[in-house]
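Input: a single structure, listed below in structure tokens.
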Amino acid sequence: MPEDVPPDLDWIRAAPEGEEGGPGPWIEFAYGPDDAVHLRETSAPENIVTTTRQKWDAFVLGVQAGEFDHFVEGVDGVRDVRGGEDVRGGDDVRGGDDVEDAEAD
């Protein structure tokens, strides 16, 4: 682990519901001291990217607003959960109540 990353972080895995122990690889993130947010991939946990909480929050808001949807156009298994439509073909990869809540909005 890089020297500037605390060894005792609580990593949060971003994986589809029910897949947390599955094959992955998954993205994990952890909030560190001094407004730091650390990101890593489960297949290479020694490679850690660090950003600020402000930049992380802006990224999350961009994802929620659909600003990155063009990166997954045409990818099987990706679903537009904001509108409830399966716009890219395939089944939803998130599953669970989150999708149903998004469809109800």
Side-chain angles (χ1 to χ4, degrees):
M1 186 169 296
E3 291 180 25
D4 60 334
V5 177
D8 59 344
L9 293 173
D10 291 323
W11 292 95
I12 301 165
R13 185 165 293 175
E17 189 172 311
E19 299 271 342
E20 290 83 7
W26 310 118
I27 298 295
E28 295 179 319
F29 65 95
Y31 298 107
D34 300 323
D35 205 35
V37 178
H38 306 283
L39 303 147
R40 69 183 183 183
E41 190 172 331
T42 56
S43 62
E46 67 280 1
N47 296 328
I48 298 172
V49 175
T50 302
T51 189
T52 65
R53 180 67 186 251
Q54 183 179 9
K55 290 177 183 178
W56 174 250
D57 289 346
F59 171 74
V60 170
L61 289 172
V63 169
Q64 291 173 338
E67 294 177 16
F68 305 100
D69 288 357
H70 62 283
F71 289 112
V72 294
E73 287 178 2
V75 175
D76 286 340
V78 177
R79 181 178 176 144
D80 181 355
V81 295
R82 291 164 308 164
E85 298 178 24
D86 190 354
V87 295
R88 296 179 183 95
D91 297 320
D92 171 52
V93 296
R94 288 177 25 179
D97 295 335
D98 293 342
V99 173
E100 292 169 15
D101 291 342
E103 290 176 355
D105 291 337

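Note that the structure is a prediction, hence the values are computed from the model and not measured. Side-chain atoms are counted along with the backbone in the values below, which use heavy atoms only and exclude waters and symmetry mates.
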What are the two closest non-hydrogen atoms of [X] and [Y], and how far apart are they?
{"X": "A30", "Y": "D10", "answer": "CB-O, 3.6 Å"}
{"X": "A14", "Y": "W26", "answer": "O-CB, 3.8 Å"}
{"X": "L9", "Y": "G32", "answer": "CD2-CA, 3.9 Å"}

Problem set entry | Test side chain to side chain contact (heavy atoms under 4.5 Å, CB included) applied to H38 and W11, step by step | CA-CA 9 Å; H38 306 283; W11 292 95; 3.6 Å; yes

For this session: Could you give me the CA-CA distance, side-chain angles and deciding distance for V5 and T50, then say whether side chain to side chain contact (heavy atoms under 4.5 Å, CB included) is met?
Result: CA-CA 8 Å; V5 177; T50 302; 4.3 Å; yes

Problem set entry | Pair Q54-T52, side-chain donor/acceptor within less than 3.5 Å | no

Exercise. Going only through I, L, V, M, F, W and Y residues with side-chain contacts under 4.5 Å, is there a path from I12 to L61?
Worked result: no

For this session: Keeping to residues at least two apart or across chains, list the salt bridge (charged side-chain N to carboxylate O under 4.0 Å, His left out) pairs with something in residues 22-32.
Result: R13-E28, E28-R40

Seminar exercise, completed: Sequence neighbours excluded, the answer for side-chain contact (heavy atoms from CB on, under 4.5 Å) partners of F59 is W56, V63, F68

Problem set entry | Pairing residues for D35 by the salt bridge (charged side-chain N to carboxylate O under 4.0 Å, His left out) criterion, not counting sequence neighbours | none

For this session: Enter the distance from D57:CG to K55:NZ here, rounded to the nearest 0.5 Å.
Result: 12.5 Å

Seminar exercise, completed: Rounded to the nearest 0.5 Å, the CD1 atom of I27 sits from the CG atom of L39 at a distance of 7.5 Å

